[in-house]
Amino acid sequence: MRPLIELENVSKIYSAGGEPVSALSGVSLTIESGEWAAVTGRSGSGKSTLMNILGCLDTPTSGRYLLRGEDVSAMPESRLSRVRNREIGFIFQGFNLIPDLTALENVELPLRYRGGLTRSEVRRRAAAALEQVGLAERREHRPGQLSGGQQQRVAIARAIAAEPPLILADEPTGNLDTASGAQVMEILRGLWGEGRTVVLITHDPAIAASARRVLTIADGKLL
């Protein structure tokens, strides 16, 4: 069986003021299905660029990215959008919740865009995801009525409601206090225990150490 993620000599070059800037340089990496890996490095090391490529939010300048054996680098945007919606669950440092929607409605949103699900099935999946992260009783609360830790748990519920095989978490504890951060990490550990593949991006060595595999990136290169 092929690895879930395969990066083959991936580089990413941006233009800054007309000058080329290398964000990633010749990164090769495989992550097996069911792994829990952390990518760590200082600010500006290239870890966020790597996350964007893994999440199909950006494409390499050169090299190949294969997800489940498919060359993501060559996919049209319409296909990439379907991959992001069905194959990948995103958890961001800033939560990215819509303030006018309830917790339940925020979790439902990507399921509605997915298509092919009845309204009752969308509601059932969203409610089940909120229950999994311990927020069943807060489903009708809006983000402004929730603590930072609760908002992040809503974001996790949104990420897992579609049951994607890959969870990408970008600094998921960065805006949280110690207790809330520990709770979020425990949820991620549980998702990994269920068989999900979890890739965590963090600058915090203590958070990275909770993963089963730690990858360090510096100056756009995987060490």
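Model, not experiment: these values are computed from the prediction. What you see below is based on every heavy atom in this structure, not just the backbone, and it leaves out hydrogens, waters and symmetry mates.
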- Any luck finding a side-chain donor-acceptor pair between Ser180 and Asp177 under 3.5 Å? yes

- Task: Assess whether atom CD of Glu140 is packed by more than 12 heavy atoms of other residues, nucleotides or ligands within 6.0 Å.
- Result: yes

- Distance from Asp58 atom CG to Tyr14 atom OH, nearest 0.5 Å? 4.0 Å

- Chi angles and distances behind the side chain to side chain contact (heavy atoms under 4.5 Å, CB included) call for Phe95, Asn175: CA-CA 9 Å; Phe95 316 142; Asn175 286 340; 4.2 Å; yes

- For the hydrophobic clusters of this structure (ILVMFWY residues joined by side-chain heavy atoms under 4.5 Å, transitively), does one cluster hold both Ile187 and Val199? no

- Query: Is there side-chain contact between Leu130 and Arg138, with at least one heavy-atom pair below 4.5 Å?
  - Reply: no

- Query: Where do Leu166 and Leu168 land on the side chain to side chain contact (heavy atoms under 4.5 Å, CB included) test, with the steps shown first?
  - Reply: CA-CA 7 Å; Leu166 174 61; Leu168 294 180; 4.0 Å; yes

- Could you pull out the closest heavy-atom pair between Pro172 and Gln152, with the gap in Å? O-NE2, 2.7 Å

- When rounded to the nearest 0.5 angstrom, what is the spacing between CG in Leu67 and CD1 in Ile53? 13.5 Å

- Quick one: closest heavy-atom pair of Lys47 and Gly41, and the distance? NZ-O, 2.9 Å

- Message: Minimum heavy-atom separation for Cys56 and Val72, please, with both atom names.
- Response: SG-CG1, 3.4 Å

- For Asn52 and Lys12, what are the C-alpha separation, side-chain angles and deciding distance, and is it a side chain to side chain contact (heavy atoms under 4.5 Å, CB included)? CA-CA 11 Å; Asn52 289 339; Lys12 182 65 182 182; over 6 Å; no

- Message: Does atom CZ (Arg112) have a neighbourhood of more than 12 heavy atoms from anything else shown, all under 6.0 Å?
- Response: yes

- Message: Could you measure the distance from the CD atom of Gln145 to the CD atom of Gln151? Nearest 0.5 Å is fine.
- Response: 10.5 Å

- Query: So, do Ile167 and Thr197 sit near enough that their side-chain heavy atoms are less than 4.5 Å apart?
  - Reply: no

- Query: Taking side chain as C-beta onward, heavy atoms only, is Glu70 less than 4.5 Å from Arg79?
  - Reply: yes

- How close do Ala157 and Ala129 get, heavy atom to heavy atom, and via which atoms? O-CB, 3.4 Å

- Query: Taking the side chain as C-beta and beyond, is there a heavy-atom pair between Ile5 and Leu54 under 4.5 Å?
  - Reply: yes

- Message: Checking Asp170 against Gln93 for the side chain to side chain donor-acceptor pair (under 3.5 Å) test, could you report, in this order, the C-alpha distance in whole Å, the side-chain angles of both residues, the deciding distance, and whether it holds?
- Response: CA-CA 6 Å; Asp170 189 2; Gln93 178 177 351; over 6 Å; no

- Message: For the CG atom on Asn96, are there more than 12 heavy atoms of other groups (residues, nucleotides or ligands in this structure) within a distance under 6.0 Å?
- Response: yes

- Query: Are side-chain heavy atoms of Arg68 and Pro165 found at a separation under 4.5 Å?
  - Reply: yes

- Note on the structure: Rounded to the nearest 0.5 Å, the CZ atom of Arg125 sits from the CD1 atom of Ile160 at a distance of 12.0 Å

- Are Trp192 and Val133 connected in a single hydrophobic cluster, I mean Ile/Leu/Val/Met/Phe/Trp/Tyr linked by side-chain heavy atoms less than 4.5 Å apart? yes

- Message: Before you tell me yes or no, could you show the steps for Asp204 and Thr202 under side chain to side chain donor-acceptor pair (under 3.5 Å), namely the whole-Å CA-CA distance, both residues' side-chain angles and the distance that decides it to 0.1 Å?
- Response: CA-CA 5 Å; Asp204 187 339; Thr202 181; 5.4 Å; no

- Might you point out which heavy atoms bring Gly63 and Ser73 nearest each other, and give the distance in Å? O-OG, 3.9 Å

- Task: Give a yes or no on this: more than 12 heavy atoms of other residues, nucleotides or ligands lie within 6.0 Å of atom CD of Glu131.
- Result: no

- Evaluate side chain to side chain contact (heavy atoms under 4.5 Å, CB included) for Leu188 paired with Ile91, printing each intermediate quantity in order. CA-CA 10 Å; Leu188 291 177; Ile91 304 168; 3.8 Å; yes

- Task: Just do the salt bridge (charged side-chain N to carboxylate O under 4.0 Å, His left out) check on Arg84 and Glu77 with the steps written out, would you?
- Result: CA-CA 10 Å; Arg84 287 192 295 265; Glu77 178 55 38; 2.5 Å; yes

- Any chance you could lay out the side chain to side chain donor-acceptor pair (under 3.5 Å) test for Gln132 and Glu194, step after step, and finish with the verdict? CA-CA 12 Å; Gln132 186 172 352; Glu194 293 173 359; 2.9 Å; yes

- Check for a donor-acceptor pair, side chain of Thr61 on one end and backbone N or O of Ile13 on the other, with a separation under 3.5 Å. yes

- Does one hydrophobic cluster hold both Leu29 and Trp36, with members joined at side-chain heavy-atom distances below 4.5 Å? no

- Message: Between Thr178 and Thr173, is there a side-chain heavy-atom distance shorter than 4.5 Å?
- Response: no

- Message: Using side-chain heavy atoms (C-beta onward) and a distance below 4.5 Å, is Ser62 in contact with Val10?
- Response: no

- Item | OG on Ser48 to CD on Glu171, rounded to 0.5 Å | 7.0 Å

- Task: Treating Ile, Leu, Val, Met, Phe, Trp and Tyr as nodes and any side-chain heavy-atom pair under 4.5 angstrom as an edge, say whether Tyr113 and Leu111 lie in one connected cluster.
- Result: no

- Task: Establish whether Met185 and Val214 are linked, either directly or via other cluster members, by ILVMFWY side-chain heavy-atom contacts under 4.5 Å.
- Result: no

- Please tell me if the side chains of Glu35 and Leu4 come closer than 4.5 Å, counting only heavy atoms from C-beta onward. no

- Query: Hey, what do you get for CZ (Arg153) to CG (Leu176), rounding to the nearest 0.5 Å?
  - Reply: 10.0 Å

